Number of protein chains: 2
Amino acid sequence: MTAAQARATVTSEAVVDTALTLFAERGYHGTALSQIAEALGIRTPSLYNHMRSKHDLLRVIVDRTTAAVLADFHEAVEDVDDPVERLRRATRVYAHRHATHRREALVVNRDTGSLEEPHRTELQQRRREHEHAIRGLIADGVEAGVFMVESPRLASFAIREMCVSVARWFSDDGPLSADQVADQYADFAVSVARGCATN
Amino acid sequence: MTAAQARATVTSEAVVDTALTLFAERGYHGTALSQIAEALGIRTPSLYNHMRSKHDLLRVIVDRTTAAVLADFHEAVEDVDDPVERLRRATRVYAHRHATHRREALVVNRDTGSLEEPHRTELQQRRREHEHAIRGLIADGVEAGVFMVESPRLASFAIREMCVSVARWFSDDGPLSADQVADQYADFAVSVARGCATN
DNA sequence: CCTACCGATCGGTAGG
DNA sequence: CCTACCGATCGGTAGG
């Protein structure tokens, strides 16, 4: 089921998925509902059988994605005690998600600002939660003497954005798999936290 | 000269500057010319005395910024031979620029895709030039035996985006100056390139 | 799922 | 620098 067909039958999921593709490509404000409808092979008003509004499509996308990021994190670090390994796993799963869910990442990072209140604040809160979690892992490692950074806050910013950026270039047709990229980025993250720049 | 005043006199630079602020805040497609005009205290059609089109405003912003990034780079590494110091200086100046030119960075990274051809391709070409330059520094260090990464390409992606992200959180009112942030990010970059994750 | 249609707003032009 | 105005398109509704 790809594009225009006679008397298409469309689901809510298909609408979200198509919105995801187009929002990622052109941005939320750069995408018209008519384009989403056309990609699904229906007329614009028919979309309203499957969604509340354009804004709600964005809200759903951002909501799901940030929830999944937090779930990933907790699953990745549970049952692991070593601070280095905890950071490695947390960053690996975060980078991995950005290779396998590129569209979601692009939309969240580009268009969260277009959310209306109270959604915007709620979502930023959830992203902050992930940032604080990563920052905590780094601070734990510093306390344990295995990491050496001046500011866990700065390091967490740098490490997280490094992982996020995978969404901007990763391709399934590229030379490296999502797993391979995630492993290397996890190494980058640990290198940053260890702080081996000064000799 | 801030907002609405009776019979304002506006310059081309003021229009670009105001566009920069609003594009950074709401995105290119999320900003109306009427909002730019209002911020300048004039009517929308009067903008056309100082610009060619909305699209051209974006083009000018992206064009200037990418040119400045390349100029920064070349000035930073000239007369430096040590590969470690070359990477340190290149990333320091890049991070520093993203702290001091936040709006420009946000617009370039968010809205370059909204440029029409041939501008879009031209500008991506210029960004690629910077990426290749950073990649080259890393490859030089690997060859010299001072850096240790599997893929200079991946490392350059990670390091560059790390620096870019400074624009997303830096504040003049924050605890760290642009210089201090730039120094720490340069350390992060060198740590990544040295590859001290595996023990 | 459709056609018909809404008010609002968009970027931009004419003409002074 | 302005007023007056353009066609196009926006997100969304009515009603079936």
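Please read all numbers here as calculations on a predicted model, not as lab measurements. A note on names: the letters A, B, ... follow the listed sequences, proteins ahead of strands, and every chain is numbered from 1.
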Checklist entry - Who is the Watson-Crick or G-U wobble partner of C:dG7, with both distances under 3.5 Å? => result D:dC10

Next on the checklist: Tell me the interatomic distance from B:His29, atom NE2, to C:dC10, atom C1', rounded to whole angstroms.
Outcome noted: 12 Å

Checklist entry - Rounded to the nearest Å, what distance is computed from the CD atom of residue A:Glu38 to the C1' atom of nucleotide D:dC10? => result 15 Å

Item to check | Atom-pair distance (CG on B:Leu47; P on C:dT13), nearest Å | outcome: 13 Å

Checklist entry - With respect to the side chain of B:Asn49, which nucleotide from C:dG11, D:dG11, D:dC1 is positioned closest? => result D:dC1

Checklist entry - Of all the nucleotides listed (C:dC10, D:dG12, C:dC1), which has the minimum atom distance to the side chain of B:Ala32? => result C:dC10

Checklist entry - Paired with D:dG15 by Watson-Crick or G-U wobble geometry, both distances under 3.5 Å: which nucleotide is it? => result C:dC2

Checklist entry - If you check the B:Pro45 side chain, which of D:dG11, C:dC1, D:dC2 turns out closest? => result D:dC2

Checklist entry - What is the distance from CD1 of A:Ile42 to P of C:dC2, rounded to the nearest Å? => result 6 Å

Next on the checklist: Just the rounded figure in Å: distance from P of C:dA8 to NZ of A:Lys54.
Outcome noted: 19 Å

Next on the checklist: Between A:Arg92 and A:Tyr185, does the side chain to side chain contact (heavy atoms under 4.5 Å, CB included) criterion hold? Intermediate values first, please.
Outcome noted: CA-CA 7 Å; A:Arg92 185 195 284 142; A:Tyr185 269 68; over 6 Å; no

Item to check | B:Arg126 with B:Glu122: basic N within carboxylate O range, under 4.0 Å | outcome: no

Checklist entry - Expressed in angstrom and rounded to an integer, what is the separation of A:His55 atom NE2 from D:dG11 atom C1'? => result 13 Å

Item to check | Minimum-distance nucleotide (side-chain atoms of B:Ser46 versus D:dC1, C:dT13, C:dC1) | outcome: D:dC1

Checklist entry - Does any non-hydrogen side-chain atom of B:Met51 lie less than 4.5 Å from one of B:Ser12? => result no

Item to check | Contact under 4.0 Å: A:Ser34 side-chain N or O vs D:dT9 OP1/OP2 | outcome: no

Next on the checklist: I want to check something: taking the side chain as every heavy atom from C-beta on, are B:Glu161 and A:Arg168 in contact at a cut-off of under 4.5 Å?
Outcome noted: yes

Item to check | Side chain of B:Ser53 - closest among C:dC2, C:dG12, D:dC1 | outcome: C:dG12

Next on the checklist: Taking the nucleotide of DNA chain C with the nearest heavy atom to each, does A:Arg43 or B:Tyr28 sit closer to the 5' end?
Outcome noted: A:Arg43

Item to check | Spacing of B:Leu33 atom CG relative to C:dG12 atom C1', expressed in whole Å | outcome: 8 Å

Next on the checklist: I'd like to check B:Val15 versus B:Tyr48 (side-chain heavy atoms, cut-off strictly below 4.5 Å). Are they in contact?
Outcome noted: no

Next on the checklist: In whole Å, I'd like the distance from the CG atom of A:Leu40 to the P atom of C:dC1.
Outcome noted: 9 Å

Next on the checklist: If the cut-off is 4.0 Å, is A:His50 near the phosphate of C:dC1, judged by side-chain N/O to OP1 or OP2?
Outcome noted: yes

Next on the checklist: Please determine whether a side-chain nitrogen or oxygen atom of B:Thr44 lies at a distance below 4.0 Å from atom OP1 or OP2 of C:dG11.
Outcome noted: no

